[in-house]
Every structure is written in C-alpha cells, then in structure tokens.
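Have a look at the structure below before the remarks.
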Amino acid sequence: MADEKDPRFQKSDDGAEPDYRAKEVTIAPRGKFGRALENLWYHYKFQIVAGVVLLTVLIVCLVQCIGRGATPDYILCYAGRKDLRPTTSNTAQADMASSLTGFLTEQSLTGEGVEIYPYLITDGSTDTAVQPYNKTNLENLRNELALANTYLFLLDESLFLTQTKTGDERYLVPVDAYLTEGKTPEVTPDGYGVYLRSLSLSTLPGFCDLPDDTVVCLRVGYTLSGGKSAERKFERYEALFRALLANPL
C-alpha cells in the first residue's frame, strides 16, 4: 500500500494528480577495479576454480598431516593371518616394535621409535563376514606397497607371492645384495624375500608368534618424488634390512 505521506503521491499545488509511474533508476557505472575483476573472471574462471580446489585439497592434507602427530623412525608393515590388533592380552605390536629396536643404532633413532602397521588378511577365506574385511585390508596393503610409506614388509607367503608384483614388475628388491658372507638365511625361491623362521628375529617377542611361512622383504626405493629425503629414508631401511639378514639362525 502506497505511503500517503510520500511526496511522490501528493497533489501538486496546481491540483494535478500525482505521478504513480515508476521512476527510472540509473545504476552507477562500475569502477576500474570492478571491471578488472569481471574481465579476470571472464578470461580465467576455469583456472581460478582449479586453483581454489587445489588450495582446498592442500589445506585438508596439511590439517591431516598435523593431526597424525610425529612420524616414527621406522614403520614395519605386517599382512597375514596373525591378528595383531592390540588388546589387554595381545601386546604383539608393542613387543615387535621393542624387539626391532634392538637392531637399530642410536644414530638412526630420533625418539619416535618403531611403529607396526598390521593388516589381518585370512587369504582364501569363504566366511562371508570375513571377506569384506579381507578386501579392505588387501586394498590397504596394495596402497602401502604403491605409496611407499614404509619399505620393510612381513607377509604371509601367499600374499608375498601374489601382492608384491604389478604385471611383470616386482615392488621388491632382490635380497642377494644384502646377504653377508658365511651362514645365510633361507631365501625364497624367487630371490625377493627371506623366511622369518631362518632369522634370529623370529625368536624375539612379537615375531615368535607369527606364522612359520612369514616372509621378510624390502620394497624398492620410491623414485617418483621425495628427492634426497626419500633416498636417505630408503638407505636407513636398507641398513635395517641388512642387519636383520646378518643374524640368521
């Protein structure tokens, strides 16, 4: 309802009726800055959107990395039928980390120690309740092998034979270069792993409970990224792998 006090709706002094037509509104022209932004968006909108998406991903990754806390000095990935999930009665992970520390030098430790990444995989299980769990852990194992978060793996023999290759390529390095003269451990027929049962490591807490066919193996160095830092990391794992193989039963 029109406001009767609005001057536009009052009769003029000569008695003429007020003009109810809408007045033309003139929009002030954009300034130079506004025109520049409009021109920038017109020509580079796809690049701007891609940049915003990339920045968002980087921020999310940074937040996740900060939330993970300190990085351990060494990570050992185990995949197999032994359940290493910690409980009040199952201290295998902590025992394995402690046992592995005995093969490390003080110079190779910065205070964060050893962490175990366990993936329980019951290979060939027909249990419908277990199969989805196996599938998820198999995918996690493949990701570990592909992304090289760690280089040291302990795998059930069946997983060692089926999961450590992609096409004709192996994720692993041959063990010959890491064997010392004299008594040597039991090497797998393909030459890419050593059976845990033939190492003194197998007698130590945590490791002594693993399946008899467990294979110790070393992933190839990760060369796609990381530069000198990745090279130094791989060299530290090489030294640990060599120390493990130098103590056969």
In Å, rounded to the nearest 0.5 Å, how long is the span from CD1 of Ile116 to CD1 of Ile75? 9.5 Å
Any side-chain hydrogen bond (donor to acceptor under 3.5 Å, both in side chains) pairs touching residues 235-244, not counting sequence neighbours? Tyr178-Glu238
Tyr74 vs Leu152 side-chain heavy atoms within contact, under 4.5 Å: no
Roughly how far apart are Asn143 CG and Asn149 CG, rounded to 0.5 Å? 9.0 Å
Can you find a heavy atom in the side chain of Leu201 that is under 4.5 Å from one in the side chain of Leu204? yes
Does Thr162 reach the main-chain N or O of Ser158 with its side chain, forming a donor-acceptor pair under 3.5 Å? yes
Going by distance alone, is a donor N or O of one side chain under 3.5 Å from an acceptor N or O of the other, for Thr150 and Arg219? no
Against Cys217, only a single residue in Phe160, Tyr151, Tyr192 fulfils side-chain contact (heavy atoms from CB on, under 4.5 Å); can you say which? Phe160
Separation between NZ of Lys135 and CD1 of Ile121, rounded to the nearest 0.5 Å: 13.5 Å
Would you call Lys228 and Glu231 a salt bridge, using N to O less than 4.0 angstrom? yes
Between Lys165 and Asp190 (salt bridge meaning N to carboxylate O under 4.0 Å), is one present in this structure? no
Taking C-beta and beyond as the side chain, do Ser198 and Pro248 meet within less than 4.5 Å on heavy atoms? no
Going only through I, L, V, M, F, W and Y residues with side-chain contacts under 4.5 Å, is there a path from Leu120 to Phe207? no
How many angstroms lie between CG in Leu100 and CG in Asp95, if you round to the nearest 0.5 Å? 12.5 Å
So for atom CD, which belongs to Gln47, do other residues, nucleotides or ligands contribute more than 12 heavy atoms lying within a distance under 6.0 Å? yes
Does Leu249 reach the side chain of Leu199, with side-chain heavy atoms less than 4.5 Å apart? no
How long is the straight-line distance from OH of Tyr119 back to CG of Asn140, given to the nearest 0.5 Å? 5.0 Å
Please round to the nearest 0.5 Å and tell me the distance separating atom CG of Leu155 and atom SG of Cys77. 7.0 Å
Among the clusters formed by ILVMFWY side chains lying less than 4.5 Å apart, do Phe241 and Leu104 turn up in the same one? yes
Less than 4.5 Å apart, side chain to side chain, heavy atoms only: is that true for Lys82 and Asn90? no
Non-hydrogen side-chain atoms of Val215 and Leu196 separated by less than 4.5 Å: no
Test of understanding: clusters of I, L, V, M, F, W, Y form through side-chain heavy atoms closer than 4.5 Å, transitively. Do Val220 and Val175 belong to the same one? yes
Would you please indicate yes or no on a ring centroid separation below 6.0 angstrom for Tyr117 and Tyr78? no
If you measure only the distance, is there a donor-acceptor pair under 3.5 Å linking the side chains of Gln163 and Tyr171? no
Hey, are the side chains of Leu210 and Asp156 touching, using non-hydrogen atoms and a 4.5 Å cut-off? no
Is there a side-chain contact between Met96 and Leu76 in this structure, where contact means two heavy atoms from C-beta onward sitting under 4.5 Å apart? yes
Across all chains, not counting sequence neighbours, the side chain to side chain donor-acceptor pair (under 3.5 Å) partners of Arg85 are Asp83
